[in-house]
Q: 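Handing you this structure, nothing more for now.
Atoms within a ligand are numbered from 1 in the order they appear, just like the ligands themselves. In this text, all values refer to a predicted model and were calculated from it rather than measured experimentally.
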Amino acid sequence: MDTHRGETHHETPAGNGGTRLWRNARLATLAPGRDGLGLVETGAVACRDGRILHAGPEAELPDGFRADEVIDCEGRLITPGLIDAHTHLVYAGDRAREFELRLAGASYEEIARAGGGIASTVAATRAAGEEELVRQSLPRLDALLAEGVTTVEIKSGYGLERGAELTQLRAARRLGTLRDVSVTTTFLGAHAVPPGTDRTEYLRAVIEEMLPAVAAQGLADAVDGFCEGIAFTPDEIARVFEAARRLGLPVKLHADQLSNLGGAALAAAHGALSADHLEHTDEAGAAAMAGAGTVAMLLPGAFYFIRETRLPPVELFRRHGVPMALATDSNPGTSPLTSPLLVMNMAATLFRMTVDECLAGVTREAARALGRLGETGTLEPGKSCDLAVWNVERPAELVYRMGFNPLHARVWRGK
Ligand code: DI6
Ligand code: FE
């Protein structure tokens, strides 16, 4: 590969270092201060050096702006590039056999307790090196990019020992160098107690060995945990969160997915960026999240795939003003899903979220959940020029179809 590609003096004027204009477009800016999705008819996005200079009516382009390259969008819809803010994209193997067992009647928790589930992916992930993890994960990343994703969060949690967790995070970071996409990484050592390991000893290793190593090598942007009967108790998660705070890392939590252990309130008490899943969250949990500014990360793919029947309390989140984000939760066990478009359709159909909530969920609110709203997630001046250009006229078309991809073009950092 040509290692000079990224340097500005090798770029053509239309590249990252130049100016570009997408005109004759409908915009869904998602900008605060505009109604709903912040729709603009006959809009334009102007970009300089990979940053948005203007996103609004074409008639209001800055005086004297001359673009090196002008792209006529012919009336297409431009949204912020999509953000998949909760994935377990890096792992080896698959769980198709377990899927068949579940079809024959076994439950997800039964399989987990019998040593299948997460443990089987851990074995495959440990056996694969960094190269192999990258090789197996790239097609999943490419599927996300094909639907307009420009930022993706990737968690560890299938290594469950120091070396393998670091390898998983390194593989995730490497994916971000192999494709034009922003990758943020999350350390999920507290995902499960690995088989054959003492629980207390494992938690000690997570807190005293893995977390400090991950932080020292700059391999994680945040720390996550799985608070559940089959995983870690609220007290155990609290200890992980305190360790994360000492290292200056923000936290988030898999909370209230299969039962209500008070995970949402626990996450809020630790100032978590997001609490995720939340099917069993009660009003006290929602109120605590509102108070802490913790985003509700809803994951309809997992709800669908393990045939949950209890809906996340969307109406409570609305009433308390808790922002709602949506993500694929792409993972081999409960959500082998790589389609943010299908996520939006599921959120609308299964969770009764509105079109505006769905689209905000994979853009602005997803950016908020990553702590990156200053950088991406809306079309506003100063942000990274991350765009998805769609062959549709109205935002509802992105949510209503199933299994159809109308992406026309994807732009990351102005290219
Ligand atoms: N919750 C989930 O749904 C996934 N992890 C988690 O904490 C499931 C992971 C797996 O089954 O492999
Ligand atoms: Fe997850």
Side-chain angles (χ1 to χ4, degrees), residues 84-99 101-102 106-126 136-137 140 152-160 164-165 168 172 184-195 206 222-233 236-237 240 251-259 261 263-264 267 272-280 295-308 310 312 325-338 343 346 366 369-370:
D84 196 354
H86 177 141
T87 86
H88 311 247
L89 206 71
V90 170
Y91 60 84
D94 66 73
R95 305 249 284 278
R97 175 64 195 140
E98 176 180 314
F99 177 61
L101 291 175
R102 284 203 304 111
S107 77
Y108 176 68
E109 280 160 302
E110 280 164 9
I111 290 169
R113 290 187 196 283
I118 292 177
S120 73
T121 300
V122 169
T125 301
R126 284 180 181 172
Q136 292 195 32
S137 305
R140 293 189 281 269
V152 59
E153 183 255 21
I154 302 177
K155 302 174 194 299
S156 68
Y158 288 123
L160 304 185
E165 284 288 304
Q168 232 194 315
T184 77
T185 55
T186 301
F187 172 62
L188 178 55
H191 193 197
V193 178
V206 166
V223 173
D224 195 350
F226 189 15
C227 185
E228 194 59 66
I230 53 170
F232 294 93
T233 67
E236 290 167 336
I237 294 294
V240 174
V251 301
K252 54 179 87 172
L253 187 63
H254 285 70
D256 307 337
Q257 179 187 10
L258 309 170
S259 61
L261 298 182
L273 287 169
S274 67
D276 305 35
H277 287 287
L278 306 177
E279 278 81 350
H280 292 261
V295 175
M297 175 69 69
L298 305 181
L299 307 167
F303 174 93
Y304 165 85
F305 194 74
I306 60 175
R307 292 210 190 87
E308 281 270 355
R310 177 147 174 158
L326 294 169
T328 62
D329 192 16
S330 189
N331 80 68
T334 61
S335 190
L337 173 62
T338 46
V343 165
M346 285 178 171
L370 293 179

Q: Suppose I only count heavy atoms of Q257 and a 4.0 Å limit; which atoms of ligand 1 are within that range?
A: 1 (N), 2 (C), 3 (O)
Q: Who's closest to atom 5 (N) of ligand 1 heavy-atom-wise, of H254, H86, K155, H191?
A: H191
Q: To the nearest 10°, what's the angle at the Fe ion (ligand 2) between atoms NE2 (H86) and NE2 (H88)?
A: 100°
Q: Would one find an N, O or S atom of H254, in either backbone or side chain, under 2.8 Å from the Fe ion (ligand 2)?
A: yes
Q: Between E153 and T87, do the side chains contain a donor N or O and an acceptor N or O under 3.5 Å apart?
A: no
Q: Give the residue and atom name of whichever protein heavy atom lies nearest to atom 8 (C) of ligand 1, and the separation in Å to one decimal.
A: Y108 OH, 3.2 Å
Q: If we ignore angles and hydrogens, is there a donor and acceptor under 3.5 Å between the side chains of H88 and D329?
A: yes
Q: Could you tell me whether a side-chain N or O of Q168 sits under 3.5 Å from a main-chain N or O of G159, the two making a donor and an acceptor?
A: yes
Q: What are the two closest non-hydrogen atoms of A255 and A275, and how far apart are they?
A: CB-CB, 4.4 Å
Q: Only heavy atoms of R95, strictly under 4.0 Å: list the atoms of ligand 1 that pass.
A: 10 (C), 11 (O), 12 (O)
Q: Among all protein heavy atoms, pick out the one at the shortest distance from atom 12 (O) of ligand 1; state its residue, atom name and that distance to 0.1 Å.
A: Y158 OH, 2.5 Å
Q: With a 4.5 Å heavy-atom cut-off, do I154 and R140 have their side chains touching?
A: no
Q: Which ligand 1 atoms are under 4.0 Å away from a heavy-atom of D329?
A: 3 (O)
Q: Should T121 be listed as contacting ligand 1, given a heavy-atom distance under 4.0 Å as the test?
A: no
Q: Would you mind telling me if ligand 1 is within reach of the side chain of H277, the backbone, both or neither, using heavy atoms under 4.0 Å?
A: side chain
Q: Between F305 and F99, is the gap from one ring center to the other below 6.0 Å?
A: yes
Q: If I take every N, O or S atom of D329, is at least one of them less than 2.8 Å from the Fe ion (ligand 2)?
A: yes
Q: Considering only heavy atoms from C-beta outward, does the side chain of S259 approach that of E228 to under 4.5 Å?
A: yes
Q: Within a strict 4.5 Å, meaning less than it, do heavy atoms of the V122 and H191 side chains meet?
A: no
Q: Give the residue, atom name and distance (to 0.1 Å) of the protein heavy atom nearest atom 3 (O) of ligand 1.
A: T334 OG1, 2.7 Å
Q: Of the non-hydrogen atoms in S120 and E98, which two are nearest, and what is the gap between them?
A: OG-OE1, 4.4 Å
Q: By number and element, which atoms of ligand 1 are closer than 4.0 Å to a non-hydrogen atom of F226?
A: 1 (N), 6 (C), 7 (O)
